[in-house]
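In what follows, a single structure is set out as C-alpha cells and then discussed.
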Amino acid sequence: MLQPVRGTHDLLPQECRQYRAIANSSRLIAQRYGYEEIETPIFEFSSVFLRMGEASDVVTKETYTFQDRGGQEITLRPEGTAGIMRAIISNGLTQKTPLKYYSCGPMFRYERPQKGRYRQFTQVGVELVGVAEPLGDVEVIALAEQFLKEIGLTKGISLEINTLGDQESRNLYRTALVTYLNDFRTQLSPESQIRLDLNPLRILDSKDVNDRKLLENCPVFRDYLNAESEDFFANVLKKLDLLGITYTLNYQIVRGLDYYCHTAFEFVSHQLGAQGTVLAGGRYDGLISQLGGPNLAGVGWAAGLDRLVLLAEKSIDKPCLISIIPVGDTAESQALQMAQDLRQEGLNIDLGYSGSLSKRMKKANSVGASWAVIFGDDEIKSQKVAIRDLKSGLQVEVAFDKISDYLQSKIQ
RNA sequence: GCGGGUGUAGCUCAGUUGGUUAGAGCGCUAGAUUGUGGAUCUAGAGGUCGCCGGUUCAAGACCGGUCACUCGCCCCA
C-alpha cells in the first residue's frame, strides 16, 4: 500500500473547496480591518525559531530541522509569526507602523498526529505590529470573532481570555506560585514536577486531577498584577463589552515564553476532544526586539484551517459547469471550437472526449454539470442547439450565436 | 516520546469454536436504450484480509513484531 508520510494527508477536490472557502473568508474579513496579505518562505534558518524560545519543546524536538547541501541549518516553519517578524526586520518595514498583516499557509510540526492535529497543517493568522494600546488587542479579537461568525462557527464555541500582565507582574506571580507549589512538590504529577523547574505557569494548565486539587488554593494571578497591567486588561475587557463580544475569564490560559504579555485568548470548541482550541492568540511585545529588531509591540492570532473545516462541515457547491454534447462527426469537429469560444466568454465548460449521446449525458450528469448543450446534424442545419437544464430536465432551443447570452443570463 | 483501541473491495462493514473457491450494500464498468442524464432491471470488473515472521495438517481469525489510523498523555511559541 502506497501511503502518504505520517501526519500528512491529501486534500481531494471537495476538501479543497472547503479549505479555499474558509481561507477566502478569512482574507476578506482581514481586508475589512485593513490587513494586507503577506507571504514568507515555508523554511527559515533554524536560528529564527531558536531565538524565539530556547527551552521550548516545540523548537527542540517538534520541528522538522535539517542541513541543506550547503550545510545550513534549516527548519520548516512550525508557526507563522516568527517568519513574518523576520520579514519585517529583513525588509526594514519597521520604519512605518502600525503594520497590519494577514497570512495563510502550511506549517510543520513533528508531533504525534491526532484528530485535527497533523504534521503538515494550514494556518491563517493576523499580526498587528507597533500598537501597544489595548485597542490593538480588541481589534484582532473582533476580527477573529467576525471571521468565525462568517464561516458559520458560533455554536459551541466560546472566547476564553486571560492576562499574563507585564514582565514585572509575571515575575512576581511566578515567584509566588513556585513558592506555594514547592511545598507540595512530591505530591505533584511527574510532568508538573518537571514543569515546576522549567515552566511553572504551565502547571496551571495541568489536566491531572490531583494537580487540580492542589491548585485550588494557589495564588491568583490577578492579585499580582501591577496597576498598569490591571488597567490594561480592564481596558481590553471594557472595549470587548462595548462591542458586545462575550468572553469567559480563564486563568488557565498561559503562554510559557517570556515575550508574551498581557492578553492571551483562545476560541475553544467542545466538539474536538483534546484538540479544542480553534483559534489562539495574544500579545507578544518582546518578540521583535528578541529577534534583533527595534522594540515594537505586537499582537495577533493564528487558527488551524484543518480544525475549522472539521467543525464548519458545510459542503461547498461546485462552480456551475456546462457540458457540451456533440452528436455525430460534424458536430464533434465543431464542439472543440464552441467550447473554446464559450470559455473565452467566461463560462465553465466541460467537453467530453468520446461516447454516444447517452454516454455523454450520463457523464455530464455524473460530473455535476448544471446544463447540457446538445447539437447534432439537425441542429447544425437549423443553426440552433438544444440547451437542457439538468436539474429540472427542461430543454429549450437556442440559436448558435445566442448560446453564451442565454447561459450567462441563466447563471446570474 | 508514552499508553489504550482499530486495520477485510474505491467507501461503509459482515465473516461462527481456526476448516473447501473470503461476502453484502453503496460506488464503478457494460448492456437493456445507436438523438437525451437521474429511476429500474441484468451482467461484469474489483482482494497479497496493512506488512513481516511464528504456532498449526490447516490462519482473515491465534501469538510476536512492524507500519498506519484513532483516542488520550507530553507538548502546543
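Labels below follow one simple rule: chain letters A, B, ... track the order of the sequence lines, proteins then strands, and each chain is numbered from 1. FYI, side chains are in, hydrogens and waters are out, and symmetry mates aren't considered; it's all heavy atoms of this structure.
- Residue A/Glu62 has its side chain nearest to B/C75 when only B/C71, B/G35, B/C75 are considered.
- Atoms CG (A/Leu394) and C1' (B/U36) sit 14 Å apart, rounded to a whole Å.
- Checking B/G35, B/U36, B/C75 against the side-chain heavy atoms of A/Arg195 singles out B/C75 as nearest.
- Note on A/Gly328: nothing from the nucleic acid sits closer than 4.0 angstrom, heavy atoms only.
- Within 4.0 Å (heavy atoms only), A/Glu379 reaches at least one base atom of the nucleic acid.
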Distance-only criterion, 3.5 Å: show the donor-acceptor pairs between side-chain atoms of residues 375-382 of chain A and protein atoms not counting sequence neighbours.
residue  : atom : partner  : partner atom : Å
A/Glu379 : OE1  : A/Gly376 : N            : 2.8
A/Ser382 : OG   : A/Asp378 : O            : 3.3
A/Ser382 : OG   : A/Glu379 : O            : 3.3

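- For B/A30, the OP1/OP2 oxygens have a side-chain nitrogen or oxygen of A/Lys359 closer than 4.0 Å.
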Check the pair A/Asp205, A/Arg202 against salt bridge (charged side-chain N to carboxylate O under 4.0 Å, His left out), reporting the backbone distance first and the verdict last. CA-CA 5 Å; A/Asp205 199 19; A/Arg202 272 273 160 209; 3.0 Å; yes
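- Positionally, the nearest nucleotide of RNA chain B for A/Thr8 lies more toward the 5' end than for the other of A/Thr8 and A/Ala280.
- More than 12 heavy atoms of other residues, nucleotides or ligands lie within 6.0 Å of CZ in A/Arg343, so this atom counts as buried by the packing criterion.
- Ring geometry, A/Tyr64 versus A/Phe108: the interplanar angle exceeds 60°, so the pair is classed perpendicular (tilted spans 30 to 60°).
- OP1 and OP2 of B/C74 both lie 4.0 Å or more from every side-chain N or O belonging to A/Arg202.
- Checking B/C69, B/U36, B/C76 against every side-chain atom of A/Arg109, the shortest atom distance belongs to B/C76.
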Could you pull out the protein-nucleic contacts involving nucleotides 2-7 of chain B (nitrogen or oxygen on both sides, under 3.5 Å)?
residue : atom : partner  : partner atom : Å
B/C2    : N4   : A/Arg112 : NE           : 3.4
B/C2    : N4   : A/Arg112 : NH1          : 2.8

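- Within 3.5 Å, a donor on the side chain of A/Arg117 pairs with an acceptor on the base of B/C75, or the reverse.
- Residue A/Gly282 is out of contact with every strand shown, counting any heavy-atom pair closer than 4.0 Å.
- Rounded to an integer number of Å, the gap from NZ of A/Lys363 to P of B/U29 is 5 Å.
- Nearer the 5' end of RNA chain B, as judged by each residue's closest nucleotide, is the contact made by A/Ser356, out of A/Ser356 and A/Glu79.
- A/Thr97 contributes no side-chain N or O that, together with a main-chain N or O of A/Leu99, makes up a donor-acceptor pair within less than 3.5 Å.
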Between A/Tyr35 and A/Glu139, does the side-chain hydrogen bond (donor to acceptor under 3.5 Å, both in side chains) criterion hold? Intermediate values first, please. CA-CA 11 Å; A/Tyr35 287 64; A/Glu139 180 174 278; 2.6 Å; yes
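- Atom P of nucleotide B/G1 and atom CD of A/Glu191 are separated by 17 Å, given to the nearest angstrom.
- Phosphate proximity of B/C69 to A/Arg6: present, with a side-chain N or O under 4.0 Å from OP1 or OP2.
- Summarising the geometry, the separation between CG on A/Asn199 and C1' on B/C74 is reported as 13 Å, rounded to the nearest angstrom.
- Taking only side-chain nitrogens and oxygens, A/Ser358 never comes nearer than 4.0 Å to OP1 or OP2 of B/U33.
- Phosphate contact (OP1/OP2 of B/G72, side-chain N/O of A/Lys207, threshold under 4.0 Å): absent.
- Taking the six-membered ring for Trp and the full ring otherwise, A/Tyr173 and A/Phe221 have centroids separated by under 6.0 Å.
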